[in-house]
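Accompanying notes for the structure given below.
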Amino acid sequence: MTKFNETGWNFDNSYAQLPKSFFTSHSPTPVRSPKLVILNHPLATSLGLNVQELQSKDGVAVLAGNRIPEGAMPLAQAYAGHQFGHFTMLGDGRALLIGEQITPNGDRFDIQLKGPGRTPYSRGGDGRAALGPMLREYIISEAMQALGIPTTRSLAVVTTGEAVIRETELPGAILTRVASSHLRFGTFQYIANWGTVKELRVLADYAINRHYPEVEADENRYLSLLKEVTKRHAKLIAKWQLVGFIHGVMNTDNMTISGETIDYGPCAFMDHYDPATVFSSIDLHGRYAYGNQPKIGGWNLARFAETLLPLLHENEEQAVNLAQDAISVFPELYHRNWLSGMRAKLGILNEEEQDESLMEELLQMMQEHRADYTNTFRALTFDTPEDTVLFGTPEFTKWHELWQTRLDRQQEPKESSQQLMRNSNPAVIPRNHRVEEALEAAVEREDYSVMEKLLNALSNPYVHSPEQAEYCTLPAPSNRPYRTFCGT
Ligand code: AMP
Ligand code: MG
């Protein structure tokens, strides 16, 4: 029989040492017949896990929640959050933190099962997850990682052999999620609302220790924490915008302290450029539309800042001033990150004031002509403007000339610009129709080859290989807009 330590599980449980009100110890509910359907080999190896052992019966039992590996202390985390602007108590309703894996490099990662049965925070839910949405999270989170965007990762998906009831009966599954932590803005909101200031300090110190140890000795380390989180979110959201990623449910419980993207429910990538793009079926007013993401990022940071007030200064008014100053830089920070990313997408190696209008003009044209976001930048990268719908229009011809003159003003050789563009404009993104096609093959026909091929194309989006070409094609025109769903 396999021993767990042969698998390489090497757990520490620092979260379990925090005050009892932060979580509830709770075990997964065993499932009937677990079957491993996808395992992330490179991620497993980097975590110090043995791929063969993980695939064994006992290895899979752990990924299904049927066995608790030695050293693990499963728990559900308590948190709150603003959902579409409304504050509410939440918590891990269908997730359990199994433990923190200490990797051979000494790094610490949360290992979390998503879909392991009811927890004390499940409210009316069944605590379970369906196969399609778990595979979807796997595909998109791994694509984000490959695109160079901070994100939680996906280690494995197992099917449970049990059905989950949604609108219809669906095959049940459990995803193993890996994150540098699951601390959320909502974790702070929970303690700030229902805990003591002493507990809040414990949480903030824990977050600093885990994610921002460099500010530990600062005079006002809680203010530094706020500033650093602000910086990371300015960077993160700029990266989303630059690849056309729409998170879809930017509730404060889905914003991490680490600055990693989390909660791949209703997210999707934009095809034609339009700031009003919304995919989520429940986002009726477009609160989380593509073009609103930076503004919502700022709003969420304000909610996080509020939780820290008692730690920032003993005088409330001064605390508020400090918090406001710290987060007021967010729009500018975000914009600077976006500008430098957009310069790279256009092969611009230095800064000129007019660059911004060059970008705005391009985006304006793309919006008017419903130009595909990813493919337009790809065509510019490979100097094939005839591949975009903008080609032939007088305004694009004029813009293209202006852009070329801009690049000609640079001292560096043309190849440097091209290289920068290749590294900044992905060949492939997880296009909605390709993701759906992969999920359908997996869920309807237990054929995982379509998904594996897609994952392979997504694993190196900046290599621009011939095999990736087929993933650049757009879906056939449809009258029905693409729709995504939360909590499925
Ligand atoms: P989300 O929209 O995924 O951020 O989830 C919001 C809240 O609903 C979180 O507290 C989840 O744990 C909870 N939740 C979502 N789906 C389920 C489910 N099937 N069973 C129990 N809780 C759930
Ligand atoms: Mg969530």
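In each ligand, atom 1 is the first atom listed, and ligand 1 is the first ligand listed. The analysis underlying the following values was restricted to heavy atoms, covering all of them including side chains, and did not include hydrogens, waters or symmetry mates.
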Distance filter under 4.0 Å to [X] heavy atoms, resulting ligand 1 atoms:
X: G125; result: 20 (N), 21 (C)
X: G127; result: 18 (C), 19 (N), 20 (N), 21 (C)
X: R123; result: 7 (C), 8 (O), 10 (O), 13 (C)
X: Q83; result: 6 (C)
X: D253; result: 4 (O)
X: N254; result: 4 (O)

Just let me know how [X] lines up against ligand 1, side chain, backbone, both or neither, with a heavy-atom cut-off below 4.0 Å.
X: R184; value: neither
X: D263; value: side chain
X: N251; value: neither
X: Y79; value: side chain
X: R128; value: backbone

Can Q101 and N10 be counted as having a side-chain donor-acceptor contact under 3.5 angstrom? no
Looking only at the side chains, is there a donor atom on one of S181 and Y15 sitting less than 3.5 Å from an acceptor on the other? no
Please confirm whether [X] comes under 4.0 Å of ligand 1, counting heavy atoms of the residue only.
X: R118; result: no
X: V249; result: no
X: R166; result: yes
X: G91; result: yes

Yes or no on salt bridge (charged side-chain N to carboxylate O under 4.0 Å, His left out) for R166 and D126, after CA distance, side-chain angles and deciding distance? CA-CA 10 Å; R166 295 294 180 259; D126 60 2; 2.7 Å; yes
Distance flag for atom 5 (O) of ligand 1, protein heavy atom under 4.0 Å: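 It does not: no protein heavy atom is found less than 4.0 Å away from atom 5 (O) of ligand 1.
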Rounded to 10°, how many degrees is the angle OD1/N254-the Mg ion (ligand 2)-OD2/D263?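 Vertex the Mg ion (ligand 2), arms to OD1 of N254 and OD2 of D263: 80°.
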Can a salt bridge be assigned to the pair E228 and R232 using a cut-off of 4.0 Å between side-chain N and carboxylate O?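 Judged by the 4.0 Å cut-off on N to carboxylate O distance, E228 and R232 do not form a salt bridge.
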Any carboxylate oxygen within less than 4.0 angstrom of a Lys/Arg side-chain nitrogen, looking at D274 and R370?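 No, no charged N to carboxylate O under 4.0 Å.
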Option among R177, R153, R210, R184 that satisfies the salt bridge (charged side-chain N to carboxylate O under 4.0 Å, His left out) test with D110: R210
Applying the ring-ring contact (aromatic ring centres under 6.0 Å, His included) test to F188, which of Y206, W194, F304 qualifies?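 Single ring-ring contact (aromatic ring centres under 6.0 Å, His included) partner of F188 among Y206, W194, F304: F304.
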In terms of the angle between their ring planes, are F11 and W9 parallel, tilted or perpendicular, with boundaries placed at 30° and 60°? parallel
Over 60° means perpendicular and under 30° means parallel, so classify the ring planes of Y288 and F84, tilted if in between.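 Answer is tilted, since the angle falls between 30° and 60°.
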Output yes when a side-chain donor or acceptor of T230 lies under 3.5 Å from a complementary backbone atom of F330, and no otherwise. no
